[in-house]
Enquirer: 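Quick one: the structure is below, and I'll ask about it shortly.
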Amino acid sequence: MGDEIRRNMALFPIGIVMKLTDLTARQIRYYEQHELIVPARTAGNQRLFSFNDVERLLEIKSLIEKGVNIAGIKQVMNPVSKESEDATVVSELSEVKRRELSDAQLHRLLKQQLLEKRPGKASLIQGQLSRFYNKK
DNA sequence: ATTCTAACA
DNA sequence: TGTTAGTA
């Protein structure tokens, strides 16, 4: 398998990624600070994102909408490694498989946080959990 | 015209 | 997270 190189090619600037993901530049840069994504840089320090980066951002966006914060996302998503040796592994999983895995891990997180209802530590989930205890 | 970092009436 | 300032 070798089109992974194409999925990891740094191609578009933040402006395009904003439109592709409906995320603000602030959010995209914020997620990068927390190592959820590691876009390449041009000689002029401009960020260049790959298709994989965009996919990850969409995943992040999805989790954020489910109420998961950065700490939670870090646990659910595969951490970005070296020069994308991990992006290769990730690309070997089908889109559906990845979603199933994410949901399973999300449930684990939910169960975990429901058990450690201890005050003091910040919860990994914030708000709208309706999908899990309400929905069907 | 775009993007970047840093910072907060 | 928004937003703005001062650059590159």
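Throughout, protein chains are lettered first and strands after them, A, B, ... in sequence-line order, and every chain is numbered starting at 1. These numbers come from the heavy atoms of this one structure, side chains and all, not from hydrogens, waters or symmetry mates.
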Enquirer: Within the structure shown, what part of the strands sits under 4.0 Å from A:Gly15 by heavy-atom distance: base, sugar-phosphate, or nothing?
Expert: sugar-phosphate
Enquirer: Which listed nucleotide (C:dT1, B:dT5, B:dT3) is nearest to the side chain of A:Ile64?
Expert: C:dT1
Enquirer: Starting from P on C:dA5, measure out to CZ on A:Arg26 and report it in whole angstrom.
Expert: 16 Å
Enquirer: Just the rounded figure in Å: distance from P of B:dC4 to CD1 of A:Ile14.
Expert: 5 Å
Enquirer: Between A:Arg47 (CZ) and B:dT3 (P), how many Å, whole number?
Expert: 11 Å
Enquirer: Can you tell me the distance, in whole Å, between the CD atom of A:Gln27 and the C1' atom of B:dT5?
Expert: 18 Å
Enquirer: I need the OH-C1' distance between A:Tyr30 and B:dA6, as an integer number of Å.
Expert: 15 Å
Enquirer: Whom does C:dG6 pair with, Watson-Crick or G-U wobble, provided both distances fall under 3.5 Å?
Expert: B:dC4
Enquirer: Would you kindly give the NZ-to-P distance between A:Lys61 and C:dT1, to the nearest whole Å?
Expert: 12 Å
Enquirer: Watson-Crick or G-U wobble partner for C:dT1, using a 3.5 Å limit on both distances?
Expert: none
Enquirer: Using the side-chain contact (heavy atoms from CB on, under 4.5 Å) rule, take A:Ile16 and A:Leu20 through it: C-alpha gap first, then chi angles, then the decisive distance, then the call.
Expert: CA-CA 6 Å; A:Ile16 291 178; A:Leu20 262 37; 3.9 Å; yes
Enquirer: Could you check how far CG of A:Leu23 sits from C1' of C:dG2, rounded to whole Å?
Expert: 14 Å
Enquirer: Hey, are the side chains of A:Ile73 and A:Glu59 touching, using non-hydrogen atoms and a 4.5 Å cut-off?
Expert: no
Enquirer: For the residue pair A:Pro13 and A:Leu48, what are the closest heavy atoms and their distance?
Expert: N-CD2, 4.1 Å
Enquirer: With rounding to the nearest 0.5 angstrom, report the CD1 to CE distance, A:Ile60 to A:Met77.
Expert: 4.5 Å
Enquirer: Write down the distance between CZ (A:Arg29) and P (C:dG2), rounded to a whole number of angstrom.
Expert: 12 Å
Enquirer: Should A:Ile70 and A:Leu57 be regarded as members of a common hydrophobic cluster, given that ILVMFWY residues are connected when their side-chain heavy atoms come within less than 4.5 Å of each other, either directly or indirectly?
Expert: yes
Enquirer: Side-chain N or O of A:Arg41 versus OP1/OP2 of B:dT5: is the shortest distance under 4.0 Å?
Expert: yes
Enquirer: By nearest atom, which of the nucleotides B:dT5, C:dT1, B:dT3 is closest to the A:Gln46 side chain?
Expert: B:dT3
